Amino acid sequence: MARPAGLSGFPEWLPDGRLVELEVLDTVRRVFELHGFTPLETRSVEPVDVLLRKGEIDKEVYAVRRLHSEPGDEDALALHFDLTVPFARFVVENASRLDFPLRRYQVQKVWRGERPQEGRFREFTQADIDIVDVDRLATHHDAEMALVMAEVFASLPFLPPATIHVNNRKVLEGFYRGLGVDDVPAVLRAIDKLDKIGPAKVRTLLVESGLSEDVADRVLALAQIRGTDGSVADEVRALGVSDPLLDEGLAELVAVVEAAQRVRPGAIEADLHIARGLDYYTGTVYETTLEGFESFGSICSGGRYDALASDGRTTYPGVGISLGVTRLVSLLLGRDLARATRKVPSAVLVAVVDEESRPASDAVAHALRSRGIPCEVAPRAERFGKQIKHADRRGIPYVWFPDAEGDTVKDIRSGEQVGADATTWTPPDTDLRPRVVAVTDGEAESEEGAS
RNA sequence: GUGGGUGUAGCUCAGCUGGUAGAGCGCUGCGUUGUGGUCGCAGAUGUCGCGGGUUCGAGUCCCGUCACUCACCCCA
């Protein structure tokens, strides 16, 4: 089965794995455009100082330079590590030529120098959507972001059920401020481990970081609240902490969750333990887990940033969410959850009787292709048994036998062989192109699923 | 960056207290001289990750190194 090989952290899929990835990419693009997001691609490199905000030297970025460069003759460049920072740079540079609010999607590779492990790569593809406006950005977009991604997940039938967990930075910061917590990042880091190590150990971490037992208990109680309606706010308030920022955050959070619930019940829920690193997010934050694979980590995350970009005079607030395409595909392939129905696009292998009659086989292929049926002609005029085997190996469902007395086409899965005319014959829709299907328990054992 | 684990056939792996390398799957051929899959028979394939050391002898023990991998960190 397709899986990463070669350089660690730089995954390469076999052809059937790439077909799975393309299915995800095609779906992502279709759904994003269905919601009116406009496509954008930025260059792969940025000046180092664009990527690393001042004081931030521990980001693992790859520097890029010409092999023949001389010291100091060029600005320092680096490969981008996400799509948000380059997009922010692009917005400021092109603000006068863009229309706001700007809805854009961007699907590109990004690079990070971190140590790879399952689901973590050094080169990977992200699919981002963001909405950016000038000065103020309406809050209803926060629900929209999650709903678009929920639609992507719903459009991938081979995916385990996905839940988008939503929280709001203001809730956490307001709550912690109301409790008098000093080291907010340490608390967030501990809370972030809730899924992994459980509440008891998180409580220990919290107490070790300097919180009193009572404060630790309330921090933990907040983190364990979940829900899909206004009752979430009631539960938070019942913990007896009050702060203006907390109230603001709760109102936003409830609005997002209730709006999402109206459109796509169950896909999105408030989850007060979602923290995310404390960098630029200022309000809503998202993380997505797949049912049964919670420990695999988030496959789709993002949030709101009140100052996505700024040119000193104008501020551009934004909200965005990013699907980790490579992480998702690596899970599907690595755990054998989904497979392509075949390794090649061809629906038909046109057999070759002998090299003298190859033009007749080429003519059949041409006729099929002219009607949109992907096919290929046998590479060698071997015994028909070998030509059928050639098709079988690749999962090509039909073999076409040219014959002066009348062509025939054979479904090699059933063995059924019938007379056929290349100008009219059409395979069933389900056989026309490779499809991606969930692997059921019964199929999981056999590699090729010979039917 | 820190700490653990693993490197043997294309793949998954076995290989005892050191004695000169194996299985299953896959692959090739034949049975099946123009129709695959099942079955039977036959066959091919290894710098045992790399370098050094101990030894009469190293896949096995020791040292180093590289790669992969897991955890921490961080995150898609």
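Since the model is a prediction, treat every value here as computed from it, not as a measurement. Each chain gets a letter, A, B and so on, in the order its sequence line appears, and its residues count up from 1.
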Next on the checklist: Distance check, C1' atoms only: B:rU20 and B:rG59, in whole angstrom units.
Outcome noted: 10 Å
Checklist entry - Say you pick atom P in B:rU55 and the same atom in B:rG10; how far apart are they, in whole Å? => result 34 Å
Checklist entry - Could A:Arg112 and A:Tyr62 be counted as a cation-pi pair, given that NZ or CZ must be under 6.0 Å from the ring centre and within 45° of the axis? => result no
Checklist entry - Looking across every strand, which nucleic acid part, if any, lies under 4.0 Å from A:Gly415 by heavy atom: base, sugar-phosphate, or nothing? => result base
Next on the checklist: Heavy atoms from C-beta onward define the side chain here; which of B:rU35, B:rC74, B:rC70 lies closest to that of A:Gln117?
Outcome noted: B:rC70
Checklist entry - In whole angstrom, what separates A:Phe81's CZ from B:rC75's P? => result 11 Å
Checklist entry - Is A:Arg327 positioned over the aromatic face of A:Phe124, cation under 6.0 angstrom from the ring centre and no more than 45 degrees off axis? => result no
Checklist entry - Looking for any heavy atom pair under 4.0 Å, which part of the strands does A:Lys193 touch: base, sugar-phosphate only, or nothing? => result sugar-phosphate
Item to check | Closest to the A:Ile388 side chain, choosing from B:rG37, B:rU2, B:rU35 | outcome: B:rU35
Checklist entry - Between A:Gln387 (CD) and B:rU35 (P), how many Å, whole number? => result 11 Å
Checklist entry - With a 4.0 Å cut-off, would you call A:Glu114 and A:Arg122 a salt bridge? => result no
Checklist entry - Which nucleotide sits closest to the side chain of A:Ile412: B:rG36, B:rC75, B:rC72? => result B:rG36
Checklist entry - Considering only B:rC73, B:rG3, B:rG29, which nucleotide approaches the side chain of A:Arg115 most closely? => result B:rG3
Checklist entry - P atom, B:rU60 versus B:rG64: distance in rounded Å? => result 16 Å
Item to check | Same-atom distance (C1') from B:rC62 to B:rG43, integer angstrom | outcome: 41 Å
Item to check | Whole-angstrom distance between B:rU45 and B:rG52, as gauged at atom C1' | outcome: 29 Å
Checklist entry - Within the structure shown, what part of the strands sits under 4.0 Å from A:Val352 by heavy-atom distance: base, sugar-phosphate, or nothing? => result base
Checklist entry - Between B:rG37, B:rC27, B:rC30, which nucleotide gets closest to the side-chain atoms of A:Arg393? => result B:rC27
Next on the checklist: Reading RNA chain B from 5' onward, which residue's closest nucleotide shows up sooner: A:Gly9 or A:Arg120?
Outcome noted: A:Gly9
Checklist entry - Quick one: are the ring centres of A:Phe37 and A:Tyr105 less than 6.0 Å apart? => result no
Checklist entry - In terms of side-chain heavy atoms of A:Lys389, which of B:rC30, B:rU28, B:rU2 is nearest? => result B:rU28
Next on the checklist: Between A:Ser301 and A:Pro116, which residue's closest nucleotide on RNA chain B lies nearer the 5′ terminus?
Outcome noted: A:Pro116
Next on the checklist: Rounding to an integer number of Å, can you tell me how far A:Asp392 CG sits from B:rU35 C1'?
Outcome noted: 12 Å
Item to check | Contacts of A:Glu291 that satisfy salt bridge (Lys or Arg N to Asp or Glu O under 4.0 Å) - sequence neighbours left out | outcome: none
Checklist outcome for this item: Every stem of 3 or more Watson-Crick or G-U pairs under 3.5 Å that RNA chain B joins, in order of first number, is B:1-7 with B:66-72, B:10-13 with B:22-25, B:27-31 with B:39-43, B:49-53 with B:61-65
Checklist entry - Please, which pairs that meet ring-ring contact (aromatic ring centres under 6.0 Å, His included) have at least one residue in residues 333-357 of chain A, sequence neighbours excluded? => result none
Checklist entry - For A:Arg394 and B:rG36, what is the distance between atoms CZ and P respectively, to the nearest whole Å? => result 18 Å
Checklist entry - Which listed nucleotide (B:rC73, B:rG29, B:rU35) is nearest to the side chain of A:Lys386? => result B:rG29
Checklist entry - To the side chain of A:Arg383, which of B:rU35, B:rC75, B:rC30 is closest? => result B:rC30
Checklist entry - Under the ring pair (Phe, Tyr, Trp, His ring centres under 6.0 Å) criterion, do A:Phe10 and A:Phe121 qualify, and how do the steps go? => result CA-CA 6 Å; A:Phe10 295 86; A:Phe121 303 96; 9.6 Å; no
Item to check | Euclidean distance, atom CD of residue A:Glu114 to atom C1' of B:rC70 [Å, nearest integer] | outcome: 16 Å
Checklist entry - Would A:Arg413 and A:Asp431 pass as an ion pair if we require N to O under 4.0 Å? => result yes
Checklist entry - C1' atom, B:rG46 versus B:rC41: distance in rounded Å? => result 25 Å
Next on the checklist: Under a 3.5 Å cutoff, is there a donor and acceptor pairing between the side chains of A:Thr282 and A:Arg304?
Outcome noted: no
Item to check | Atom pair distance, as rounded to whole Å: CD in A:Glu118 and P in B:rC74 | outcome: 20 Å
Checklist entry - Taking the P atom of each, how far is B:rU8 from B:rU69, in whole Å? => result 14 Å
Checklist entry - Roughly, in whole Å, what's the span from CZ in A:Arg189 to P in B:rC73? => result 9 Å
Checklist entry - Starting at CZ of A:Phe384 and ending at C1' of B:rG37, how long is that distance when rounded to a whole Å? => result 18 Å
Checklist entry - Counting side-chain heavy atoms from C-beta on, which of B:rC74, B:rA71, B:rC75 comes nearest to A:Arg112? => result B:rC75
Next on the checklist: Give me the distance, rounded to whole Å, that separates B:rC39 from B:rA71 when you measure between the C1' atoms they each carry.
Outcome noted: 49 Å
